[in-house]
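Right, one structure below, let's go through it.
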Amino acid sequence: MAAMMVSQYTFAQENSLPKKGIPDKVDSRFSNDKYTAHNKGKFFVSWGGNRESFSRSDVRFWGDGYDFTVYDMEAHDKPKGYHLDYLNPGRMTIPQTNFRMGYFINDHYSISIGWDHMKYVMTQNQMANVTGHINLPASEEGSVFNGTYDNTDTEMSEDFLQYEHTDGLNYVNTEFSRTDDISSLLTIANTDKIQVNVTEGVGAGFLFPKTNTKLLGRDRHDDFHISGYGVSLKTGLNITFFKHFYIQGEIKGGYIDMQDIRTTKSDSDHASQHFFFLQRIIAVGGIFRV
């Protein structure tokens with residue numbers, strides 16, 4: 001009798017113990033692991049618009065018969081404002097726009113490629129110091145500006161110079177970024193409905209502008225041309241709705257160095273410049289896991 005009781009007790013005890021190698025099942029209804037809790041393996045794509053500011057820049061122009069530098073050139077952007085062109089597939093590259101697509105390599109870090117379509121316009125009729133020389137044949141329209149310039153205060157008239165990268169100042173770049181969820185700081189419990197993130201990143205790439213220049217009466221060059229390189233830093237705020245849709249605001253600044261700008265149809269005519277830029281960007285996008 002005692003042996004039977006010990007045997008039954010031992011059997012019951014064995015059944016109550018967890019079996020090795022067989023994990024307990026977790027009811028998914030009570031899981032706290034939301035879709036937005038992890039980013040690794042997700043793709044994202046965004047489209048938006050920007051406003052820009054540019055530092056003053058020394059711009060050198062040279063070619064057959066001339067070589068001069070315009071010092072401290074002022075420039076500005078060319079905003080479109082609120083316009084349907086941002087949504088029209090046939091015209092959406094006309095405004096100042098930003099496109100980006102990327103992939104999260106882990107929950108915090110992503111790598112992406114993008115195209116920042118900025119517009120750089122020299123402020124017309126400004127007064128600027130010019131140093132260098134112009135010695136064009138008398139038959140050319142620009143010969144009226146012949147002479148030696150030695151820090152000479154000169155008006156940037158339409159006959160002398162019109163200079164802009166308006167189709168545009170295209171910064172094609174790769175970015176490496178970090179994203180952190182700060183929803184808990186805002187007492188947001190269900191991040192699958194709304195999630196707030198901060199992001200920071202560093203980028204580098206090349207400049208592929210279509211420069212519109214009217215220089216000393218010569219016909220302008222009107223083709224895209226790789227002209228230099230850029231580097232940038234950014235910080236931003238991302239708000240994601242219902243797991244997959246987001247709006248993101250960014251401040252992005254950087255440095256651009258263009259050593260080979262085409263200015264006229266003549267292969268001998270070039271310009272070079274370098275400057276700092278600051279973008280304010282608002283973009284909408286989607287994030288998903290394949």
Side-chain angles (χ1 to χ4, degrees), residues 46-59 70-88 91-102 112-126 128 156 161-175 177 199-213 224-238 247-263 271-285:
S46 67
W47 178 261
N50 66 70
R51 288 298 309 271
E52 306 127 26
S53 301
F54 305 104
S55 66
R56 292 173 179 256
S57 178
D58 299 340
V59 188
V70 178
Y71 290 97
D72 290 333
M73 177 187 287
E74 292 183 2
H76 54 83
D77 65 349
K78 190 177 182 180
K80 189 82 173 181
Y82 297 102
H83 206 282
L84 289 177
D85 282 354
Y86 285 96
L87 303 176
N88 184 340
R91 297 179 60 84
M92 63 196 319
T93 60
I94 294 177
Q96 299 172 177
T97 50
N98 299 77
F99 170 79
R100 184 155 300 279
M101 64 184 300
S112 65
I113 57 174
W115 168 45
D116 295 3
H117 182 67
M118 298 180 278
K119 293 181 183 290
Y120 178 102
V121 182
M122 181 193 77
T123 303
Q124 202 65 55
N125 299 318
Q126 66 180 281
M156 299 296 106
L161 176 65
Q162 297 179 60
Y163 181 72
E164 55 188 56
H165 312 290
T166 48
D167 197 23
L169 184 66
N170 298 309
Y171 175 40
V172 183
N173 60 89
T174 298
E175 285 184 353
S177 304
T199 182
E200 313 86 28
V202 58
F206 63 91
L207 275 297
F208 192 52
K210 190 175 184 181
T211 302
N212 183 356
T213 302
F224 291 102
H225 179 68
I226 295 178
S227 300
Y229 70 91
V231 292
S232 55
L233 295 171
K234 75 170 187 181
T235 184
L237 184 69
N238 170 290
I247 182 169
Q248 184 160 312
E250 292 180 359
I251 297 294
K252 185 174 185 176
Y255 171 78
I256 285 174
D257 191 339
M258 295 192 291
Q259 295 295 320
D260 185 22
I261 303 167
R262 291 293 306 274
T263 55
S272 65
Q273 67 176 140
H274 54 87
F275 54 89
F276 294 95
F277 70 91
L278 180 69
Q279 286 189 81
R280 286 82 73 193
I281 303 167
I282 296 179
V284 294

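Just so you know, residue 1 is the first one in the sequence shown, and it goes up from there.
At a threshold of 4.5 Å between non-hydrogen side-chain atoms, the residues Ile261 and His225 do not count as touching. Side-chain contact between Gln259 and Tyr229: absent, with no pair of heavy atoms (C-beta onward) separated by less than 4.5 Å. In this structure the side chain of Ser46 never reaches within 4.5 angstrom of the side chain of Gln248, judged on heavy atoms. Residues Leu169 and Phe54 meet the side-chain proximity criterion, which asks for heavy atoms closer than 4.5 Å. A 4.5 Å side-chain heavy-atom check between Asn50 and Asp116 finds every atom pair outside the cut-off. No side-chain heavy atom of Met118 sits under 4.5 Å from any side-chain heavy atom of Asp77. Residues His117 and Asp167 are in side-chain contact: their nearest non-hydrogen atoms beyond the backbone lie under 4.5 Å apart. Residues Thr211 and Tyr163 are in side-chain contact: their nearest non-hydrogen atoms beyond the backbone lie under 4.5 Å apart.
In this structure, Phe276 has its ring center no closer than 6.0 Å to that of His274. For an aromatic pair to be called close, the ring centres must be under 6.0 Å apart, and Tyr120 with Phe277 fails this.
Side-chain atoms of Ser227 come within 3.5 Å of backbone N or O of Asp260 as a donor-acceptor pair. The closest donor-acceptor contact from the side chain of Asn173 to the backbone of Gly205 lies at 3.5 Å or more, if one exists at all.
In terms of heavy atoms, Ala128 sits closest to Val70 at CB-CG1, 3.7 Å. Smallest separation of non-hydrogen atoms from Met122 and Leu161: CE-O, 3.4 Å. Minimum interatomic distance between Thr199 and Ser177 (heavy atoms only, all atoms of both residues): OG1-CB, 4.1 Å. The shortest non-hydrogen separation linking Ala271 to Thr263 is CB-CG2, 3.6 Å.
The list of salt bridge (Lys or Arg N to Asp or Glu O under 4.0 Å) pairs with a residue in residues 272-285, not counting sequence neighbours, is empty.
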Note to self: side chain to side chain donor-acceptor pair (under 3.5 Å) for Gln279 and Tyr171? Distances and angles first, verdict last.
What the structure shows: CA-CA 12 Å; Gln279 286 189 81; Tyr171 175 40; over 6 Å; no

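Note that CZ of Phe275 and CG of Asp58 are 12.5 Å apart. Values are rounded to the nearest 0.5 Å. Considering CD1 of Ile226 and CE of Met258, their distance stands at 13.0 Å, rounded to 0.5 Å.
Around atom NZ of Lys210, more than 12 heavy atoms belonging to other residues, nucleotides or ligands sit under 6.0 Å away. Dense packing is recorded around CG of Leu278, with more than 12 heavy atoms of other residues, nucleotides or ligands lying under 6.0 Å away. A 6.0 Å sphere centred on CD1 of Ile251 holds more than 12 heavy atoms belonging to other residues, nucleotides or ligands.
Residues satisfying the salt bridge (charged side-chain N to carboxylate O under 4.0 Å, His left out) criterion with Glu175, sequence neighbours excluded, are Arg100, Lys234, Lys252.
Remark: of the listed residues Gln124, Arg56, Gln126, Arg56 is the sole one forming a side-chain hydrogen bond (donor to acceptor under 3.5 Å, both in side chains) with Glu74.
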